[in-house]
Amino acid sequence: TVTGTLTPGTSTVRYSAVNSGGNVNVTTTTYNSLQFSPASAENYDLTGNLTVSNALTGSLTIGDNATLDVVNGSNYGITLAGDWSNSGLFSERNGTVTFNSTTQQIITTGGGGAGRYFYALTLNNTGTDGTANDDIVISGDLNIDGTFTITDGQLRLDTNNPNVNTAGAVAIGASGSVTKGTGTWTFDGSGTSTWTDSTASKQDIGAVSINGTTKTINLASSVKATSVNVAASQTLGLASSGYTLTLTGSGTGASRPFIVSGTLNEGSNSIVKFTGTAATEIQAETYSVLNLSPSAAGSPTYTLGTAGSQT
């Protein structure tokens with residue numbers, strides 16, 4: 001319990017208590033680094049937001065036997081300037097975790113499955129653009145049940161090539177960036193969500209799959225991906241605001257960069273732009289505007305689909 005002022009400096013506060021009578025409460029105060037490392041299974045409940053004046057100036061570690069809970073109904077938020085490491089369980093509820101630093105941050109998720117998810121995740125690293133200090137590196141698959149916002153900073157998916165699963169809206173701010181890896185970015189969950197990219201050049205987020213429970217993804221800006229696969233019973237809406245879906249990949253057959261097994265709502269003036277530099281088959285689909293513009297020298301062959309719906 002802290003009733004006065006805690007000046008954390010560069011310290012680490014470690015919770016290791018095991019309470020046979022119930023959960024352990026986490027004092028709401030200012031921490032540098034915070035660790036949860038009980039010798040046997042224990043739940044640790046936040047008692048308030050660890051944000052703003054109580055934001056962590058260091059890292060947060062959830063050890064093997066620990067469960068950190070942001071508390072159902074309270075949905076306390078966490079902001080940290082250091083790294084995140086989860087080898088235990090995180091009960092994300094409907095809380096928001098924000099990464100806010102001027103130096104590189106590493107998010108070690110612990111992989112997929114319950115207890116390894118975020119609900120709402122915000123990246124706001126304001127380190128110098130183009131340097132490692134601007135990077136947010138992902139280790140382990142990244143799963144987000146709510147909104148994913150990249151306000152600032154460079155999301156590095158190329159270091160460890162994780163898969164990314166997002167069930168809510170995805171928004172890349174004007175100062176955000178993404179370096180793609182070889183994993184797949186899957187829009188999952190149910191209902192309707194938006195995909196927004198406010199950067200000037202648009203961020204290639206890699207291989208994209210829309211594959212949830214009758215999931216609809218609507219563009220709220222122009223966007224870019226290496227490939228997009230719209231699975232059966234899923235929908236991609238391109239809107240009617242002149243947005244461009246740019247596909248940078250190449251391929252034929254099952255490797256073609258645009259596959260629609262579900263529904264494409266092309267809108268009235270959207271553009272689907274293929275920029276691949278090798279032989280590419282174009283999905284047999286109804287488009288508003290189709291643009292074939294290889295991004296480098298060479299003369300790739302683009303083969304239009306032969307289905308009757310190709311218009």
Exercise. Where do Tyr119 and Asn75 land on the side chain to side chain contact (heavy atoms under 4.5 Å, CB included) test, with the steps shown first?
Worked result: CA-CA 10 Å; Tyr119 182 71; Asn75 303 310; over 6 Å; no

For this session: Test Leu290 against Ile282 for side chain to side chain contact (heavy atoms under 4.5 Å, CB included), laying out the working first.
Result: CA-CA 10 Å; Leu290 183 61; Ile282 307 301; 4.1 Å; yes

For this session: Step by step, work out the side chain to side chain donor-acceptor pair (under 3.5 Å) result for Thr103 and Ser101.
Result: CA-CA 6 Å; Thr103 59; Ser101 185; 3.2 Å; yes

Exercise. Are Asp135 and Thr159 close enough, and set up right, to give a side chain to side chain contact (heavy atoms under 4.5 Å, CB included), and what steps lead you there?
Worked result: CA-CA 11 Å; Asp135 291 350; Thr159 305; over 6 Å; no

Problem set entry | Chi angles and distances behind the side chain to side chain contact (heavy atoms under 4.5 Å, CB included) call for Thr96, Thr122 | CA-CA 7 Å; Thr96 300; Thr122 297; 4.2 Å; yes

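At a threshold of 4.5 Å between non-hydrogen side-chain atoms, the residues Asp188 and Asn211 do not count as touching. Between Ile205 and Ile172, some side-chain heavy-atom pair lies under the 4.5 Å cut-off. Residues Ser91 and Thr67 are in side-chain contact: their nearest non-hydrogen atoms beyond the backbone lie under 4.5 Å apart. Contact of the Ile107 side chain with the Leu123 side chain is registered, since non-hydrogen atoms from C-beta on lie closer than 4.5 Å. Under the 4.5 Å side-chain criterion, counting only non-hydrogen atoms from C-beta, Thr246 is in contact with Thr275. You'll find the side chain of Asn165 stays beyond 4.5 Å of the side chain of Phe187, heavy atoms only. Side-chain contact between Val208 and Trp195: present, with at least one pair of heavy atoms (C-beta onward) separated by less than 4.5 Å. A heavy-atom distance below 4.5 Å is found between the side chains of Asp152 and Asp129.
Neither Val137 nor Leu80 shares a network with the other; the hydrophobic side chains, linked directly or stepwise wherever heavy atoms of I, L, V, M, F, W or Y lie under 4.5 Å apart, form separate groups for each. There is a path of hydrophobic side-chain contacts, each under 4.5 Å, that joins Phe99 to Leu68. Cluster membership for Val70 and Val13, using ILVMFWY side-chain heavy atoms within less than 4.5 angstrom, is shared. Put simply, Tyr287 and Ile259 are part of two different groups of oily side chains (I, L, V, M, F, W, Y) that touch within less than 4.5 Å, one to the next. In the hydrophobic clustering of this structure, Leu247 does not group with Val289; members are Ile, Leu, Val, Met, Phe, Trp, Tyr whose side-chain heavy atoms approach within less than 4.5 Å, directly or through other members.
Considering all non-hydrogen atoms of both residues, Gly267 and Ser240 come closest at CA-OG, 3.4 Å. The two residues Pro162 and Gly140 come nearest to each other via the heavy atoms CB-O, 3.3 Å. Heavy atoms only, all atoms of each residue included: Tyr302 and Gly276 are closest at OH-O, 2.5 Å. Residues Thr109 and Asp141 share a closest heavy-atom pair of OG1-O, 2.7 Å. Considering every non-hydrogen atom in both Thr128 and Asn133, the closest pair reads N-CB, 4.4 Å. Nearest heavy-atom pair across Tyr44 and Pro38 is OH-CB, 3.3 Å.
Under the 3.5 Å distance criterion, with hydrogens and angles disregarded, a donor-acceptor pair is assigned to the side chains of Thr30 and Asn54. In this structure, a donor-acceptor pair under 3.5 Å is absent between the side chains of Thr108 and Trp84. Between the side chains of Thr179 and Gln154, a donor-acceptor pair is found at a separation under 3.5 Å. Judged purely by distance below 3.5 Å, without hydrogens or angles, the side chains of Asn291 and Ser293 pair a donor atom with an acceptor atom. Residues Thr10 and Asn32 bring no donor and acceptor atom of their side chains to less than 3.5 Å of each other.
With hydrogens and angles ignored, the 3.5 Å screen pairs a side-chain donor or acceptor of Arg116 with a backbone N or O of Gly88. A distance-only check finds no donor-acceptor pair linking the side chain of Glu281 to the backbone of Phe258 [under 3.5 Å]. With hydrogens and angles disregarded, no donor-acceptor distance shorter than 3.5 Å links the side chain of Lys202 to the backbone of Val223. Asp197 places a side-chain N or O within 3.5 Å of a backbone atom of Gln203 that can act as its donor or acceptor partner. Checking side-chain atoms of Asn161 against main-chain N and O of Gly183 turns up no donor-acceptor pair under 3.5 Å. At least one donor-acceptor pair under 3.5 Å links the side chain of Ser59 to the backbone N or O of Asp83. Here the side chain of Glu266 pairs no donor or acceptor atom with the backbone of Ser288 at under 3.5 angstrom. Remark: the backbone N or O of Gly77 is paired with a side-chain donor or acceptor of Asn49 at under 3.5 angstrom. Looking only at distances, a side-chain donor or acceptor of Thr47 sits under 3.5 Å from a matching main-chain atom of Val26. With hydrogens and angles ignored, the 3.5 Å screen pairs no side-chain donor or acceptor of Lys215 with any backbone N or O of Ser233.
Here CD1 of Ile150 is found 4.5 Å from CG of Leu155. Values are rounded to the nearest 0.5 Å. Between atom CD1 of residue Ile78 and atom CG of residue Leu60 there is a gap of 5.5 Å, rounded to the nearest 0.5 Å. Separating the CG atom in Asn160 from the CD1 atom in Ile138 is a distance of 9.0 Å, to the nearest 0.5 Å. One finds the CD1 atom of Ile217 at 9.0 Å from the CG atom of Leu219 (value rounded to the nearest 0.5 Å). A distance of 11.5 Å separates OG in Ser261 from CD1 in Ile210, rounded to the nearest 0.5 Å. With rounding to the nearest 0.5 Å, the separation of OG1 in Thr57 from CG in Asn100 is 11.5 Å.
In this structure, Tyr117 stands alone, with no Ile, Leu, Val, Met, Phe, Trp or Tyr side-chain heavy atom under 4.5 Å from its own, directly or through other members.
Under the side chain to side chain donor-acceptor pair (under 3.5 Å) test applied with Ser87, the options Thr61, Asp64, Asn65 reduce to a single match, Asp64. Under the side-chain contact (heavy atoms from CB on, under 4.5 Å) test applied with Leu157, the options Asn163, Thr182, Val164 reduce to a single match, Val164.
The aromatic rings of Tyr15 and Phe36 lie parallel to each other, with less than 30° between the two planes, well short of the 60° mark.
Remark: Asp204 does not engage Lys224 in a salt bridge, criterion side-chain N to carboxylate O under 4.0 Å. Checked for salt-bridge contact, Arg93 and Asp69 meet the test: a charged N lies under 4.0 Å from a carboxylate O.
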